[in-house]
Amino acid sequence: MQLIQQTPDLSAYLAASEAIDHHHPLVRETAERLAEGVDDSYAYARAAFEFVRDTIPHSQDSGDLRVTWRASDVLEQRTGICYAKAHALTALLRAEDIPTALCYQKFDEVHGLVAVRLNGAWHRQDPRGNKPGVDAQFSLDGERLAFTPDHAADEMDYPELYAEPHPVVLNALTAARDRPRLWQTLPTAL
């Protein structure tokens, strides 16, 4: 699939925002800790991916009812759904000057991922969190995402790479008082 930058200016994929608050002290501290002892951007990106995937439980899997959406809140509260975990990974990568985009897939609901720009190309990664039947891995040699769309079932990969969370995703997260309410309002399309 050909990935399409929504914004041609690569610097947009390094910017901070309310959701991708990579200047927040907790994000900076976490990024600095992850960067210790790594040799290059690839090693850092892999370490950040594995940190978000493995140490921040997906709130559906863990039964956590809290809704997080800001990267620093995801890191502080150690919970989030796919979108929130993607925001946290994006902030950690941008904190170390690695261009990172938000991207999405469509199943029954929209699923959130990131794309990291390394070696002159974009590579999609899924920090959702592994569980039985889900084995997402960091890879630049072919995607190892949590889920593969079934095109015959009207599932799809959205090719757009967003510098900011898609508005329908961010609106759903910020409006939900808890995860059961969020589950009623998850976007079904972009």
Side-chain angles (χ1 to χ4, degrees), residues 17-22 24-34 44-95 100-116 124-139 143-150 155 157-158 162 164-166 168-190:
S17 67
E18 189 174 9
I20 313 299
D21 58 342
H22 65 74
H24 187 281
L26 180 56
V27 176
R28 297 295 320 155
E29 174 187 307
T30 305
E32 288 168 11
R33 190 174 67 249
L34 291 169
Y44 175 81
R46 182 183 182 122
F49 168 84
E50 290 174 353
F51 173 80
V52 173
R53 182 195 65 192
D54 298 342
T55 69
I56 300 171
H58 189 286
S59 57
Q60 169 85 11
D61 297 347
S62 67
D64 196 317
L65 299 180
R66 296 174 293 170
V67 175
T68 55
W69 58 272
R70 186 179 290 115
S72 58
D73 293 338
V74 175
L75 295 175
E76 189 267 324
Q77 295 181 37
R78 296 287 201 182
T79 191
I81 67 167
C82 61
Y83 312 132
K85 292 181 68 160
H87 298 173
L89 180 56
T90 298
L92 289 171
L93 293 171
R94 289 182 183 182
T100 308
L102 296 150
C103 48
Y104 303 92
Q105 296 175 306
K106 180 191 177 299
F107 298 99
D108 289 337
E109 291 91 19
V110 174
H111 175 62
L113 318 162
V114 305
V116 59
R124 292 190 313 164
Q125 312 296 328
D126 191 343
R128 181 224 179 272
N130 290 338
K131 63 180 187 174
V134 175
D135 184 28
Q137 300 295 323
F138 186 83
S139 175
E143 294 183 336
R144 304 255 333 256
L145 305 177
F147 309 109
T148 303
D150 177 357
E155 298 174 348
D157 289 303
Y158 288 105
Y162 296 92
E164 291 297 320
H166 194 283
V168 300
V169 168
L170 197 54
N171 290 342
L173 288 170
T174 58
R177 65 182 174 272
D178 57 26
R179 194 174 39 78
R181 174 69 179 138
L182 177 61
W183 247 236
Q184 296 171 359
T185 61
L186 284 174
T188 57
L190 296 182

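Numbering of residues begins at 1 and proceeds along the displayed sequence.
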Chemist: Shortest non-hydrogen contact from Ser72 to Leu26?
Modeler: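 Shortest heavy-atom separation between Ser72 and Leu26 comes out as O-CD2, 3.7 Å.
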
Chemist: Nearest 0.5 Å, please: how far is CG in Leu173 from CZ in Arg179?
Modeler: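 So the CZ of Arg179 and the CG of Leu173 are separated by 13.0 Å.
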
Chemist: Could you report the tightest heavy-atom contact between Ala71 and Ala88, atom names first, then the distance?
Modeler: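 Shortest heavy-atom contact: CB-CA, 3.8 Å.
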
Chemist: Indicate the atoms forming the closest heavy-atom contact of Ala115 with Cys103, along with that distance.
Modeler: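 Residues Ala115 and Cys103, closest heavy atoms: N-SG, 3.8 Å.
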
Chemist: What is the distance from atom CG of Leu65 to atom CZ of Arg181, rounded to the nearest 0.5 Å?
Modeler: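 Going from the CG atom of Leu65 to the CZ atom of Arg181 covers 14.5 Å.
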
Chemist: Distance check, rounded to the nearest 0.5 Å: Lys85 atom NZ versus Asp126 atom CG?
Modeler: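 Taking NZ in Lys85 and CG in Asp126, the distance rounds to 9.0 Å.
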
Chemist: Nearest heavy-atom pair of Leu92 and Ala48: which atoms, and what distance?
Modeler: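 Here Leu92 and Ala48 meet closest at CB-CB, 4.3 Å.
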
Chemist: Quick one: are Phe147 and Cys82 in side-chain contact, heavy atoms under 4.5 Å?
Modeler: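 Of all side-chain heavy-atom pairs linking Cys82 with Phe147, none is under 4.5 Å.
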
Chemist: By side-chain contact (heavy atoms from CB on, under 4.5 Å), which residues pair with Glu32, not counting sequence neighbours?
Modeler: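 Partners of Glu32 by the side-chain contact (heavy atoms from CB on, under 4.5 Å) criterion, ordered by chain and then number, come out as Arg28.
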
Chemist: If we only count heavy atoms from C-beta on, is the Arg128 to Asp61 side-chain gap below 4.5 Å?
Modeler: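 With C-beta onward as the side chain, the pair touches.
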
Chemist: Taking atom types as modelled and ignoring hydrogens, do the side chains of Trp183 and Gln60 form a donor-acceptor contact shorter than 3.5 angstrom?
Modeler: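 Side chains of Trp183 and Gln60: pair found under 3.5 Å.
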
Chemist: Please answer whether the main-chain N or O of Ala136 pairs with a side-chain N or O of Arg53 as donor and acceptor at a distance below 3.5 Å.
Modeler: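 Here the side-chain-to-backbone pair exists.
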
Chemist: To the nearest 0.5 Å, what is the distance between OG1 on Thr90 and CG on Leu102?
Modeler: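 Nearest 0.5 Å value for the OG1-CG distance: 4.0 Å.
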
Chemist: For Leu190, enumerate each residue passing the side-chain contact (heavy atoms from CB on, under 4.5 Å) test, keeping only those at least two apart in sequence or located in another chain.
Modeler: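 Checked Leu190 against side-chain contact (heavy atoms from CB on, under 4.5 Å); matches are Tyr104, Val110, Tyr158, Tyr162, His166, Val168, Val169.
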
Chemist: Hey, can you pull the donor-acceptor pairs under 3.5 Å for the side chains in residues 73-81, sequence neighbours left out?
Modeler:
residue: Asp73; atom: OD2; partner: Arg70; partner atom: NH1; Å: 3.0
residue: Arg78; atom: NH1; partner: Thr55; partner atom: OG1; Å: 3.3

Chemist: Who are the side-chain contact (heavy atoms from CB on, under 4.5 Å) partners of Asp135, not counting sequence neighbours?
Modeler: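 Listed in chain order: Asn130, Gln137, Arg144.
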
Chemist: What pairs of residues pass the ring-ring contact (aromatic ring centres under 6.0 Å, His included) test when at least one of them lies in residues 44-79, not counting sequence neighbours?
Modeler: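 Found Phe49-Phe138.
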
Chemist: Any chance you could measure Arg46, atom CZ, to Ser139, atom OG, to the nearest 0.5 Å?
Modeler: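 So the gap between those two atoms works out to 8.5 Å.
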
Chemist: Between CD of Glu29 and CZ of Arg33, what distance do you get to the nearest 0.5 Å?
Modeler: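 Interatomic distance, Glu29 CD to Arg33 CZ, rounded to 0.5 Å: 6.0 Å.
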
Chemist: Return the set of residues passing side-chain contact (heavy atoms from CB on, under 4.5 Å) with Pro149 (not counting sequence neighbours), or none when no residue passes.
Modeler: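 Partners of Pro149 under the side-chain contact (heavy atoms from CB on, under 4.5 Å) test: Gln105, Phe107, His151, Glu155, Asp157.
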
